[in-house]
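Beneath this line is the structure, given in structure tokens, with notes to follow.
As the structure is a computational prediction, the values presented were derived from the model and not from experiment. Chain identifiers are assigned alphabetically (A, B, ...) following the order of the sequence lines, protein sequences preceding nucleic acid strands; residue numbering begins at 1 within each chain.
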Protein chains: 2
Amino acid sequence: MDAETMNATDEYGIPIIPGPSDSAQRKRQAIIDAALAEFLTEGYSAASMDAITQRSGVSKATIYKHFGNKERLFLAVVGGVLPQTYAGLQCCGSTIAQAPDLRAALISFTTDWTRLVLRPDIMSLRRLVIGEIDRFPQLGQLWYRVTYDMNNGPLTEAFTELDARGTLEVPDPALAVQQLVAATLGVLQLVHTFSTDTEVDEAELSRVITSGVDLFLARYATA
Amino acid sequence: MDAETMNATDEYGIPIIPGPSDSAQRKRQAIIDAALAEFLTEGYSAASMDAITQRSGVSKATIYKHFGNKERLFLAVVGGVLPQTYAGLQCCGSTIAQAPDLRAALISFTTDWTRLVLRPDIMSLRRLVIGEIDRFPQLGQLWYRVTYDMNNGPLTEAFTELDARGTLEVPDPALAVQQLVAATLGVLQLVHTFSTDTEVDEAELSRVITSGVDLFLARYATA
DNA sequence: GTCTATACATCGATAGAC
DNA sequence: GTCTATCGATGTATAGAC
């Protein structure tokens, strides 16, 4: 691996690690899994390459051959797991505009989204990214883009269409999406951001989301 | 300083550092200022006691005499600066209930609160606390308590009173407060959490907060 | 590509003089 | 209380054999 390939990055500044070659893929995946676990529990600075070496079962030199150094390993691992985690929810925005019962559709959509976001592993990853933003600003950009733009975009289009059709009256669709997300998902996420041991209570989840959607509809639904 | 005094903590687990004695107070303050700056820029793990020593101008042994170890220094510094930063905003809740123009009062209150919360130094402190929650859960509890309960409590009482008076119709005042905060402050805070260089645009701040308050009033104001 | 062994720096914390 | 000097551990990263 020459110096140029070693320092290549994509448009977000996430390192591009050269592709597969043989069964060294399994070792690479073992390194990634071990590194993610170590980074999640220790943070970037306190995580040690020795610990990742022991967790992964490969030698330390192999890790450096594959990822170059600690910073690039961190960026590759966190930047790689992020889009893959959120891949399941992206296509649900377009169904909102055609739903027969808008209120039920909004509740269903925000509930799914909230359940995903409140998963303990995702909350931990979020805290890790937030805490390391000064060191890795690219990850902050990537996180915001993956978690919000991916869903806010289709939802904004849906509201624009519903406004044109007369079902909703939304002068600023992008802001309305932000408000809907904040009033549902955001309320619960705030609590879980600062408390690691709080369980997700199903009854409260339903109560908060329903109330948030009704808050949204009270302002934007046409009479 | 004996072992018992050295390990004393208050109800949140924040170390209690023995009181003043002489002009060693200036050295202690210099240590606190230097430590806060170092922790904010480097995080807990990457911050070095050597760097804090150099920043503060005192010797490393003096720091250990005053604060015991790195963990206690961190807890004392972060746990100490937090309540003091938020001290200015706590008494504004009771004025909401008596305001002649409720909409204007809500806009004024949430605007002040948002301006405080979006200050770069407070956003940095917030990221630091979030990133170190696994290591210092007490700070997460303290942060949530200081930043939210302190303002949510009086606001909840105000909404309860306004409900009894018939100005508002709020079946769940505590949830309504969370929604108001999320729809105003929360929308802007989310963006600045993941981006360090984004400036606070006055026009957008006014636009988002006004729209958030109107969203709130559309649901909870009586006709 | 993968390993073992190691170089070299920096870390948190302390001993002992004053 | 405050300093200088230092200890032992651990960190990242690499050299060289296979």
Side-chain angles (χ1 to χ4, degrees), chain A residues 1-3 5-7 15 17-35 37-39 41-77 132 135-136, chain B residues 1-3 5-7 15 17-39 41-78 132 135-136:
Chain A
M1 197 180 295
D2 60 354
T5 306
M6 187 64 103
N7 292 320
I17 305 298
S21 56
D22 60 334
S23 79
Q25 281 295 97
R26 286 197 303 273
K27 287 188 185 286
R28 165 166 294 164
Q29 192 57 46
I31 296 170
I32 291 177
D33 294 341
E38 173 76 3
F39 285 132
T41 58
E42 300 296 331
Y44 173 75
S45 298
S48 93
M49 297 296 276
D50 283 336
I52 296 174
T53 298
Q54 290 172 341
R55 280 179 189 258
S56 65
V58 307
S59 77
K60 188 152 57 167
T62 300
I63 298 179
Y64 278 92
K65 286 287 184 185
H66 279 240
F67 294 94
N69 59 35
K70 189 183 177 182
E71 282 195 12
R72 288 176 58 82
L73 175 61
F74 182 79
L75 283 170
V77 167
E132 299 296 342
R135 211 181 308 266
F136 302 104
Chain B
M1 195 180 298
D2 60 353
T5 306
M6 186 64 102
N7 292 320
I17 305 299
S21 57
D22 60 335
S23 78
Q25 281 296 98
R26 285 197 304 273
K27 288 188 184 285
R28 164 165 294 165
Q29 192 57 46
I31 295 170
I32 290 176
D33 295 340
L36 181 60
E38 173 77 3
F39 285 133
T41 58
E42 299 296 331
Y44 173 75
S45 299
S48 93
M49 297 296 277
D50 282 335
I52 296 173
T53 298
Q54 290 173 339
R55 281 180 189 258
S56 64
V58 306
S59 77
K60 186 152 61 166
T62 300
I63 299 180
Y64 277 92
K65 286 287 182 185
H66 279 240
F67 295 93
N69 58 34
K70 190 183 178 182
E71 282 196 10
R72 287 177 59 82
L73 175 61
F74 182 79
L75 284 169
V77 167
V78 177
E132 298 296 342
R135 211 181 310 265
F136 302 105

| Phosphate OP1/OP2 of D:dT2 contacted by B:T62 side-chain N/O (<4.0 Å) |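 No, outside the criterion.
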Please report, rounded to the nearest Å, how far the [atom2] atom of [N] is from the [atom1] atom of [X].
X	N	atom1	atom2	answer
B:Q54	D:dC3	CD	P	14 Å
A:H66	C:dG1	NE2	C1'	7 Å
B:I52	C:dT10	CD1	C1'	15 Å
B:I31	C:dA13	CD1	P	14 Å
B:R28	D:dG1	CZ	C1'	11 Å
B:Q25	D:dT2	CD	C1'	16 Å
A:I63	C:dT4	CD1	C1'	14 Å

Assign [X] to base, sugar-phosphate, or nothing according to its heavy-atom contacts below 4.0 angstrom with the strands shown.
X	value
A:A51	nothing
A:A46	nothing
B:S48	sugar-phosphate

| message | Enumerate the salt bridge (charged side-chain N to carboxylate O under 4.0 Å, His left out) contacts for residues 41-53 of chain A, please, sequence neighbours excluded, ordered by first and then second residue. | response |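 Matches after skipping sequence neighbours: A:D50-A:K60.
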| query | Looking at residues at least two apart in the chain, or sitting in another chain, which of them share a salt bridge (Lys or Arg N to Asp or Glu O under 4.0 Å) with B:D33? | reply |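 Result, salt bridge (Lys or Arg N to Asp or Glu O under 4.0 Å) vs B:D33: none returned.
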Where do N or O atoms of nucleotides 13-18 of chain D meet protein N or O atoms at under 3.5 Å, pair by pair?
| residue | atom | partner | partner atom | Å |
| --- | --- | --- | --- | --- |
| D:dA13 | OP2 | A:Y64 | OH | 3.1 |
| D:dA13 | OP2 | A:K70 | N | 3.1 |
| D:dA13 | N6 | A:K60 | NZ | 2.6 |

| field | Side chain to side chain, A:H66 and A:V58, heavy atoms closer than 4.5 Å | value | no
| message | So B:Y64 and B:T53, do their side chains get closer than 4.5 Å, heavy atoms only? | response | no
| Side chain A:E132, main chain A:G43, donor-acceptor under 3.5 Å |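 Side chain of A:E132 to backbone of A:G43: no pair is present.
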| Going by the angle between their ring planes, with limits at 30° and 60°, are B:Y44 and B:F136 parallel, tilted or perpendicular? |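 Perpendicular, since the angle between the ring planes exceeds 60°.
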| message | Let me confirm one number: the NZ-OG distance from B:K27 to B:S59, rounded to the nearest 0.5 Å. | response | 7.5 Å
